[in-house]
2 protein chains.
Amino acid sequence: MTEDLMTIREMCETYDVTPRTLRFYEAKELLFPIREGQKRLFTKSDRARLKLILRGKRFGFSLEEIRQLLDLYHVGDQQLTQMSRTYEIALERLADMEARREELTQAIDDLKEQLRWGEKVIASMKNEKKAAE
Amino acid sequence: MTEDLMTIREMCETYDVTPRTLRFYEAKELLFPIREGQKRLFTKSDRARLKLILRGKRFGFSLEEIRQLLDLYHVGDQQLTQMSRTYEIALERLADMEARREELTQAIDDLKEQLRWGEKVIASMKNEKKAAE
DNA sequence: CATGAAGATGACGTTTACGTAATGCGAACG
DNA sequence: CGTTCGCATTACGTAAACGTCATCTTCATG
């Protein structure tokens, strides 16, 4: 069976990142690979985290913001007060993300409209060109 | 009637940016304020562009990418071939943005599920606490 | 006319997110 | 058994996106 652990090279090929990036994320406490001697071995949890990191980046979150988001997925041994605070932060994040989606939808609609206008311009330019021949 | 032109200070207050930012965007050819002597005066077009810039940033686009997007809204005097190329780029952007929205929707759903789990954890912790008293 | 507020222009500093050597080390291989 | 491979660490470099200073005009105003 496929081992639950991956080397740094395997990670790089799977997720299209450089070793430097993975070490950097570890230094920033976004990933926590275990060690076999010197070498890093990335767990399933690390892979799940990495996916979330890469997704977060695509939406313009900073690594620090992503780190906070990741914590939401790795509580479980927290105290009640801590947990509640985390929960509140998560609610804010959710609202933020939903607002972003709204905005993105608006941007998409704008661009679509612009494209329709572009189609008309192109069509009219083609006509002019034909008329000039 | 409100003048069609705004000073740099008015722009800053309206859009919550610094003068430095506006000058920087001009240097990067994202904005093209006109000059009254030395002073910059921002047109309606500049304001429309700035809104798009700020929106683009919220979605993790680089200023260079945003500059290319902005061009889509300011063609009109292009050649046919140029126009067609621009149109193709716009289509790619659109696909990109729609993919992003899909992903964002997925992330929102994930977070919502996580929150439901969090609610249960908090509830059980409260019970334990009460039982211990 | 002095001055002070608003804006301009360099020029250098800063943070984020890695890139890029330089160097070292253990295992595997010819 | 030397050397190459893969990975490690340390440290300096870099591009993007502004922040921060210092210095200079230009008006409006007391």
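Lettering of chains follows the sequences in order, A, B, ..., and the numbering in each one begins at 1.
When rounded to the nearest whole Å, the span between NZ of B/Lys39 and P of D/dC24 equals 18 Å. The CG-C1' distance, from B/Leu54 to D/dC18, rounds to 13 Å in whole Å. As rounded to whole Å, 14 Å separates atom C1' of D/dC18 from atom CD1 of B/Ile53. As a whole-Å value, the separation of B/Glu64 CD from D/dC18 P is 14 Å. A straight line from CE of A/Met6 to P of D/dC7 spans 11 Å, rounded to a whole angstrom. The distance between atom CZ of B/Arg9 and atom C1' of C/dG4, rounded to the nearest whole Å, is 15 Å. Spacing between atom CD of B/Glu36 and atom P of C/dG7 amounts to 12 Å, rounded to whole angstrom units. When rounded to the nearest whole Å, the span between CZ of A/Arg35 and C1' of D/dC7 equals 10 Å.
Two residues, B/Ile8 and A/Phe61, neighbour DNA chain C, and the one matched to the more 5' nucleotide by heavy-atom proximity is B/Ile8. Toward the 5′ end of DNA chain D lies the nearest nucleotide of B/Ser62, the other residue of the pair B/Ser62 and B/Gly37 mapping further downstream.
Under 4.0 angstrom from either OP1 or OP2 of D/dA8 there lies at least one side-chain N or O belonging to A/Arg40.
Between B/Gln106 and B/Asp110, the side chains place a donor N or O and an acceptor N or O closer than 3.5 Å (distance only, hydrogens not considered).
Minimum atom distance to the side chain of B/Gln38 is reached by C/dA8, of the listed C/dA8, D/dC7, C/dA17.
Atom CD of residue A/Gln68 and atom OG of residue A/Ser62 lie 8.0 Å apart, to the nearest 0.5 angstrom. In this structure, CG on B/Leu69 lies 11.5 Å from CZ on B/Arg49, to the nearest 0.5 angstrom.
Between B/Arg47 and B/Tyr15, some side-chain heavy-atom pair lies under the 4.5 Å cut-off. Side-chain contact between B/Ile66 and B/Leu52 is absent, with no heavy atoms from C-beta onward closer than 4.5 Å.
For DNA chain C, the residues of residues 10-32 of chain B within the heavy-atom distance limit of 4.0 Å (strictly under) are B/Arg23, sorted by number.
With respect to B/Ile8, the side chain to side chain contact (heavy atoms under 4.5 Å, CB included) criterion is satisfied by exactly one of B/Val17, B/Leu22, B/Thr18: B/Leu22. Partner of A/Glu103 under the salt bridge (charged side-chain N to carboxylate O under 4.0 Å, His left out) criterion, chosen from B/Arg100, B/Arg58, B/Arg55: B/Arg58.
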